[in-house]
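A short write-up of the structure that comes next.
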Amino acid sequence: MDTFGRLKVAVGGPLTVGHADLRDGRWHHVAAVYLENRAPDGPGTVLLYVDGELQRRTFGRTRVRLQTEVRSTHAEPVQFGRQVMRASPEREFFKGAIDEVFIIGAALTGEEIRLLLEQNALP
């Protein structure tokens with residue numbers, strides 16, 4: 001499957017890829033939401049949004065385990081615009097612009113993501 005141009009989120013290895021092709025020369029509002037599973041060691045769910053619309057998963061998994069405690073020895077760094085599939089020195093980073101990055105300590109709902117898109121302010 002060709003995943004070029006699509007929103008991708010990798011969490012500790014497993015990859016989730018949305019369906020919208022973003023290679024149209026326009027700005028897009030993108031969001032990734034991790035919904036934690038309350039069961040011990042249970043996988044949580046990754047949701048991807050492009051321009052306020054929930055993406056269908058086209059590749060990889062939506063259910064992943066993520067260590068959300070930043071002081072844990074198992075915590076992983078957050079990286080934006082980094083190639084996660086078939087990385088090579090010449091294709092390692094996103095060639096474009098990223099603006100206004102938010103990391104929020106709680107999962108936003110789809111409606112809250114649409115409000116963020118429309119009002120450019122956190123709910």
Side-chain angles (χ1 to χ4, degrees):
M1 147 148 261
D2 180 15
T3 61
F4 291 107
R6 286 157 176 70
L7 178 61
K8 301 170 191 76
V9 173
V11 179
L15 183 69
T16 303
V17 182
H19 70 271
D21 189 339
L22 305 176
R23 297 174 290 178
D24 59 6
R26 304 172 122 180
W27 283 94
H28 292 280
H29 182 273
V30 299
V33 176
Y34 178 75
L35 300 172
E36 187 175 23
N37 184 338
R38 298 290 180 211
D41 290 330
T45 303
V46 175
L47 303 176
L48 304 178
Y49 291 83
V50 172
D51 298 326
E53 296 298 320
L54 182 63
Q55 294 284 285
R56 293 186 314 276
R57 178 184 60 85
T58 60
F59 182 83
R61 297 191 246 170
T62 58
R63 309 277 303 167
V64 298
R65 287 196 174 104
L66 174 65
Q67 174 54 258
T68 57
E69 174 52 56
V70 296
R71 292 179 210 97
S72 166
T73 58
H74 300 290
E76 296 185 39
V78 174
Q79 300 179 51
F80 296 94
R82 178 115 195 253
Q83 174 66 276
V84 294
M85 294 178 63
R86 297 176 292 230
S88 65
E90 57 276 349
R91 284 196 1 207
E92 196 164 328
F93 295 98
F94 173 69
K95 292 172 179 51
I98 298 174
D99 190 25
E100 298 187 35
V101 174
F102 295 93
I103 298 177
I104 301 167
L108 298 181
T109 66
E111 181 58 32
E112 289 171 323
I113 289 171
R114 283 185 287 283
L115 285 172
L116 178 60
L117 167 66
E118 294 167 4
Q119 300 174 4
N120 197 31
L122 292 175

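The model shown is predicted, which means the values in this text are computed figures rather than measured ones.
- Listed here is the closest heavy atom pair of His19 and Arg6: O-NE, 3.5 Å.
- Note: the hydrophobic cluster containing Leu54 also contains Leu108 (ILVMFWY, side chain heavy atoms under 4.5 Å, direct or indirect links).
- Heavy atoms only, all atoms of each residue included: Ala31 and Leu7 are closest at O-CD2, 4.1 Å.
- The hydrophobic cluster containing Ile104 also contains Ile113, counting ILVMFWY residues as joined when their side-chain heavy atoms lie under 4.5 angstrom apart, directly or transitively.
- Applying the side chain to side chain contact (heavy atoms under 4.5 Å, CB included) test between Gln119 and each of Leu115, Leu116, Leu117, Leu122 identifies Leu115 as the sole match.
- Within the structure, every pair that satisfies the salt bridge (charged side-chain N to carboxylate O under 4.0 Å, His left out) test and touches residues 102-111, not counting sequence neighbours, is listed here: Glu111-Arg114.
- Heavy-atom minimum distance, Tyr49 versus Val33: CE1-CG2, 4.1 Å.
- Scored by the salt bridge (charged side-chain N to carboxylate O under 4.0 Å, His left out) test, Asp51 finds no partners at all (sequence neighbours excluded).
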Walk me through it: do Val9 and Tyr34 pass the test side-chain contact (heavy atoms from CB on, under 4.5 Å)?
CA-CA 10 Å; Val9 173; Tyr34 178 75; over 6 Å; no
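- The line from CG of Leu48 to CD of Glu53 is 13.5 Å long, rounded to the nearest 0.5 Å.
- With respect to the salt-bridge test (charged N to carboxylate O, under 4.0 angstrom), the residues Asp24 and Arg26 do not qualify.
- Looking only at side-chain heavy atoms (C-beta outward), Leu47 and Thr45 come within less than 4.5 Å of each other.
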